[in-house]
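Residues take their numbers from the sequence shown, with the count starting at 1.
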Amino acid sequence: MQAINGMIRVLHKNSLPRSLWARNSCSKLFVGGLSYDTNETVLKNAFEKYGEIIEVRVIAHHVSGKSRGYGFVRFTSDASAKVAFKEMHSKVLDGRKIRVEFACKNS
């Protein structure tokens with residue numbers, strides 16, 4: 001880390017430029033087919049046994065606040081995301097069969 005004028009900058013040890021490094025990693029999963037009652041706590045509890053989670057988001061309608069039936073789970077590693085994908089795709093969560101896909105841009 002480096003501090004410049006009160007701002008903190010994280011220096012990556014990876015030799016690839018950040019844009020290429022991010023493109024080659026895929027630790028974020030899309031989870032579709034969620035029950036409208038499924039919240040972020042339920043989603044996290046279902047996926048955390050496959051690895052450390054950085055972020056869980058259930059997407060909600062901006063006016064009503066109701067779930068749109070999908071969300072995202074971001075793991076600390078690609079390996080954890082791969083295991084979660086294999087184990088959770090087509091499983092039942094909160095009474096609904098969910099669909100899990102990698103949420104990476106294929107460039």
Side-chain angles (χ1 to χ4, degrees):
M1 272 195 296
Q2 184 180 50
I4 301 173
N5 295 333
M7 297 180 66
I8 296 175
R9 181 176 170 203
V10 177
L11 301 175
H12 296 281
K13 292 182 179 180
N14 195 331
S15 61
L16 291 173
R18 183 163 166 70
S19 60
L20 289 177
W21 176 76
R23 187 180 311 156
N24 290 332
S25 72
C26 191
S27 61
K28 186 174 183 180
L29 298 175
F30 167 85
V31 184
L34 294 175
S35 163
Y36 295 113
D37 296 325
T38 301
N39 59 32
E40 291 172 351
T41 303
V42 171
L43 193 57
K44 181 180 181 189
N45 290 341
F47 279 82
E48 69 184 350
K49 58 187 152 199
Y50 303 108
E52 187 177 350
I53 294 175
I54 297 173
E55 177 185 26
V56 175
R57 291 203 53 209
V58 172
I59 306 304
H61 188 271
H62 68 282
V63 175
S64 69
K66 293 259 188 188
S67 169
R68 290 186 175 256
Y70 68 95
F72 298 91
V73 178
R74 183 187 305 267
F75 288 89
T76 57
S77 73
D78 298 354
S80 296
K82 287 176 187 175
V83 172
F85 168 77
K86 288 178 185 175
E87 295 295 322
M88 293 299 291
H89 182 67
S90 296
K91 298 292 183 193
V92 175
L93 180 64
D94 271 355
R96 300 273 314 259
K97 186 175 180 180
I98 62 172
R99 184 180 77 236
V100 180
E101 299 174 13
F102 288 98
C104 302
K105 293 180 180 178
N106 293 331
S107 305

Heavy-atom pair of closest approach, residues Gly33 and Arg96: O-CB, 3.3 Å
Rounded distance (nearest 0.5 Å) linking atom CZ of Phe85 with atom OG of Ser80: 15.0 Å
Heavy-atom check, side chain of Tyr70 versus side chain of Arg99, under 4.5 Å: no
Stepwise side chain to side chain contact (heavy atoms under 4.5 Å, CB included) check, Val100 with Phe47: CA-CA 11 Å; Val100 180; Phe47 279 82; 4.1 Å; yes
Aromatic centroids of Tyr50 and Phe75 separated by under 6.0 Å: no
Derivation of the side chain to side chain contact (heavy atoms under 4.5 Å, CB included) call for Ser90 and Lys97: CA-CA 6 Å; Ser90 296; Lys97 186 175 180 180; 3.6 Å; yes
Steps toward side chain to side chain contact (heavy atoms under 4.5 Å, CB included) verdict (Leu34, Asp94): CA-CA 8 Å; Leu34 294 175; Asp94 271 355; over 6 Å; no
Donor-acceptor pair, side chain of Glu40 and main chain of Val58, under 3.5 angstrom: yes
Approximate separation, where rounding is to 0.5 Å, of Glu52 CD and Ser27 OG: 11.5 Å
From CD1 (Ile54) to CZ (Arg74), nearest 0.5 Å: 6.5 Å
Shared hydrophobic cluster, Ile53 / Val83 (ILVMFWY, side-chain heavy atoms < 4.5 Å): yes
CD1 on Ile98 to CG on Leu43, rounded to 0.5 Å: 7.5 Å
Where Ser67 and Ser35 come nearest, the two heavy atoms and their spacing: OG-O, 4.2 Å
For Ala81 against Cys26, the heavy-atom pair lying closest together: CB-O, 3.7 Å
pair Val56-Phe72: side-chain heavy atoms closer than 4.5 Å: no
Non-hydrogen atoms of Tyr36 and Gly69 that approach each other most closely: CE2-N, 3.8 Å
